[in-house]
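The block underneath contains the structure these notes are about, expressed in structure tokens.
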Amino acid sequence: MLQIFNAALVSQGQDSVDDNDNSNEWALLSQNWPLIVEAELEDGAYDFVRKQHFLQSRVVGKFGFADGYLVPLTAMFVRQLWIDGASGSRTAIPWSQDGTNVYVDEDAGVYVEVVEVVEPDIWGANFCRGIQLKLEAVICRALKEESGEAARLEAQAEVHFDRARTKSSKSRSATEPYRSGRLTAARFARG
């Protein structure tokens, strides 16, 4: 985090900061950091933040569901939820979520894929550069009062985020663009 802060500051002609040195620059960047990072993690399906958990800590159900399970505190949100079928296959089931729990009609535990905020050490270069450019835009607006330059930096950051999203999507297997079923089988049948 500090390295990205200082890269943004130096690029904008500001002095670098030390870890929590009580400067205005530190306060500005540390207050905007979680908003910028978490917003981008919500927008992009990055693989470096995907974690899988088996949830067993039951709570009282809500939202019309009989059971609930505590989501790990490190999770920002749940992407997917499933149970293991008898043959070992994943079976998606209806679910809902609030800030701390998922709710289902399943009393034997569930699997979830969550998004967790991870340390910058494992971020990709384009993701880091996008965050740096977003921080530079904050510096331009707040310290230098240059809104035009800030808008240009934010557009540049989006280019880097797009590259990072593309790179992340290439690390997943391709999926069929349709669901299998009677109509699909009839439409795409050979012969």
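- For the pair Arg50/Val115, no side-chain contact is recorded, criterion being any heavy-atom separation below 4.5 Å from C-beta on.
- Rounded to the nearest 0.5 angstrom, Glu106 CD and Thr91 OG1 are separated by 9.5 Å.
- Lys51 is linked by a salt bridge (Lys or Arg N to Asp or Glu O under 4.0 Å) to nothing, counting only residues two or more places apart in sequence or in another chain.
- Under the 4.0 Å criterion applied to side-chain N and carboxylate O atoms, Lys62 and Asp98 are assigned as salt-bridge partners.
- Residues passing the side chain to side chain contact (heavy atoms under 4.5 Å, CB included) test with Ser147, sequence neighbours excluded: none.
- Tyr111 forms part of a hydrophobic cluster together with Phe54, Trp82, judged by ILVMFWY side-chain heavy-atom separations under 4.5 Å.
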Chi angles and distances behind the salt bridge (charged side-chain N to carboxylate O under 4.0 Å, His left out) call for Arg58, Asp67: CA-CA 7 Å; Arg58 288 184 69 196; Asp67 304 297; 2.2 Å; yes
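- Through chains of ILVMFWY side-chain contacts below 4.5 Å, Val59 is grouped with Phe63, Phe65, Tyr103.
- Counting side-chain heavy-atom gaps under 4.5 Å among Ile, Leu, Val, Met, Phe, Trp and Tyr, the cluster of Leu153 also holds Leu133.
- With sequence neighbours left out, the salt bridge (Lys or Arg N to Asp or Glu O under 4.0 Å) criterion links Arg163 to no other residue.
- Glu116 and Ala75 get closest at one heavy-atom pair: CG-CA, 4.0 Å.
- With sequence neighbours left out, the side chain to side chain contact (heavy atoms under 4.5 Å, CB included) criterion links Glu154 to Lys134, Ala137, Arg141.
- The 12-atom threshold is not exceeded at CD of Glu145, counting heavy atoms of other residues, nucleotides or ligands nearer than 6.0 Å.
- Glu136 and Gln12 share a side-chain donor-acceptor pair at under 3.5 Å.
- Applying the salt bridge (Lys or Arg N to Asp or Glu O under 4.0 Å) rule to Glu40 yields the partners Arg165; only residues at least two apart in sequence or on another chain are considered.
- Shortest non-hydrogen contact noted between Ile4 and Cys128 is CD1-SG, 4.1 Å.
- Residue Val114 is found in a hydrophobic cluster whose other members, listed by chain and number, are Leu55, Tyr69, Val71, Val78, Leu81, Ile83, Ile93, Trp95, Val102, Val104, Val110, Val112; membership requires side-chain heavy atoms under 4.5 Å apart, directly or through intermediates.
- Atom CG of Asp107 has more than 12 neighbouring heavy atoms from other residues, nucleotides or ligands inside a 6.0 Å radius.
- Sequence neighbours left out, not one pair with a member in residues 18-31 passes salt bridge (Lys or Arg N to Asp or Glu O under 4.0 Å).
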Step-by-step side-chain contact (heavy atoms from CB on, under 4.5 Å) determination, His53 to Glu113: CA-CA 7 Å; His53 298 280; Glu113 177 186 311; over 6 Å; no
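- Atom CZ of Phe127 and atom NE2 of His160 lie 13.0 Å apart (nearest 0.5 Å).
- Closest approach of Val17 and Ser23 over heavy atoms only: CG1-OG, 3.5 Å.
- Contacts of Arg152 classified as salt bridge (Lys or Arg N to Asp or Glu O under 4.0 Å), with partners at least two apart in sequence or in another chain: Glu149.
- In Gln3, the CD atom is not crowded: 12 or fewer heavy atoms of neighbouring residues, nucleotides or ligands sit closer than 6.0 Å.
- Shown here for Leu9 and Ser16, the closest heavy-atom pair between the two residues is CD1-CA, 4.4 Å.
- Between Phe5 and Val10 there is no side-chain heavy-atom pair separated by less than 4.5 Å.
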Side-chain atoms of residues 28-38: list all donor-acceptor pairs with protein atoms under 3.5 Å, sequence neighbours left out, distances to 0.1 Å.
unit_1	atom_1	unit_2	atom_2	d
Ser30	OG	Trp26	O	2.8
Ser30	OG	Ala27	O	3.3
Asn32	ND2	Leu28	O	2.8

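- Contact detail for Gly130 and Ala157: the closest heavy-atom pair is O-CB, 3.4 Å.
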